[in-house]
Amino acid sequence: MSDPSCGQPLGIFGGTFDPIHFGHLRLAEEATEALDLAGIRWIPAGRPALRRPPMASARDRLAMVGLATSDNLRFEVDSCEVDTDAPSYSVSTLERLRRDDHCGPLRPLVLLVGADAFAGLADWYRWEALFELAHVAVAHRPGFPIQPERLPPLLAECLRDRLCAQPELLASSPSGRIVVFAMTPLAISATHIRDLLARHRSVRYLLPESVIGHIRRENLYLEC
Ligand code: ATP
């Protein structure tokens, strides 16, 4: 399991990003520091498998993620899930990354999720295979306490077996561990932002101005 030549872990951050907001950006920034990541690869979902279709098109959501992350040299945006009509499955995306020269089979990959997403992990397509492909880092999120006793039994068992209290160990293997990290609590959600926009209320300071500019130019989220 231990291989010191594995290299600095790369964070993988998937999501609907409908739209991207400061909760996402702080999660990525704080994960980079807390977990000593080389950087973050943002992967907007083209066609999320487990939720109703996003309000904004995949292209708009990709553009907004690009605008929000462009000034951070450690962030890169990957359009692989947007470039296909197939449903977006994290396990397929990670398999593709493992085949890719940039990552290869040994590079530690860390899939970033908020606590709400982690609680639903057992519904994801081939979720147990995720741990053969990546570590999973779970960020605290206001309103979504991490309560093992409330998780589906298989996921609770997986958390118990894989939980690792030392983030520096993520660099010593390609995949398989779970770490939990605290981030600045930000009770921001895309749902709330869409609701404000539909009611013509201000969304300033919840998401970057560049993203608000795109939303205004393209007349996005005028309805809930
Ligand atoms: P929606 O309200 O449409 O469900 P969202 O705000 O939860 O959207 P997503 O794109 O679904 O955003 O989230 C992508 C990832 O970011 C998920 O793993 C989610 O848990 C995490 N996340 C989103 N907002 C926050 C936040 N404020 N704090 C911590 N994690 C967050």
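Just so you know, ligand 1 is whichever comes first in the structure, and atom 1 is the first atom listed for that ligand.
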Would you mind checking which non-hydrogen protein atom is closest to [atom], with the distance to 0.1 Å?
atom	value
atom 10 (O) of ligand 1	Phe17 N, 2.9 Å
atom 20 (O) of ligand 1	Asp116 OD1, 2.5 Å
atom 30 (N) of ligand 1	Leu27 CD1, 3.4 Å
atom 9 (P) of ligand 1	His24 NE2, 3.5 Å

With heavy atoms of [X] as the reference, note each atom of ligand 1 found under 4.0 Å away.
X	value
Gly23	27 (N)
Ser189	2 (O), 6 (O)
Thr16	10 (O)

So for [X], does at least one of its heavy atoms come nearer than 4.0 angstrom to any atom of ligand 1?
X	answer
Phe13	yes
His21	yes
His140	yes

Residue pair Pro142 / Pro185, side-chain heavy-atom distance below 4.5 Å: yes
Identify whether the distance between the nearest side-chain nitrogen and carboxylate oxygen of [X] and [Y] falls below 4.0 Å.
X	Y	value
Asp78	Arg96	yes
Glu209	Arg204	yes
Arg59	Asp83	yes
Arg126	Glu95	yes

Given Met55, Arg51, Arg194, which has its nearest heavy atom closest to atom 4 (O) of ligand 1? Arg51
Given Arg141, Met183, His192, identify the one with the heavy atom nearest to atom 5 (P) of ligand 1. Arg141
Determine whether the side chains of Thr16 and Arg51 contain a donor N or O and an acceptor N or O closer than 3.5 Å. yes
Parallel, tilted or perpendicular, as decided by the 30° and 60° cut-offs, for the rings of His21 and His24: parallel
Can you tell me how the ring of Trp42 sits relative to the ring of Phe75, calling it parallel under 30°, perpendicular over 60° and tilted otherwise? perpendicular
If you measure every N or O of [X] against every N or O of ligand 1, does any of those distances drop under 3.5 Å?
X	value
Ala190	yes
Gly114	yes
Leu186	yes
Asp18	no
Gly14	no

In Å and rounded to the nearest 0.5 Å, what is the CG to CG distance from Leu159 to Asp161? 9.0 Å
For Arg194 and Pro19 the tightest heavy-atom approach is CG-CD, 4.2 Å
Under 4.0 Å from ligand 1, counting heavy atoms only, is it the side chain of Thr191, its backbone, both or neither? both
Run the side chain to side chain contact (heavy atoms under 4.5 Å, CB included) check on Val179 and His135 step by step: do they pass? CA-CA 8 Å; Val179 293; His135 302 294; over 6 Å; no
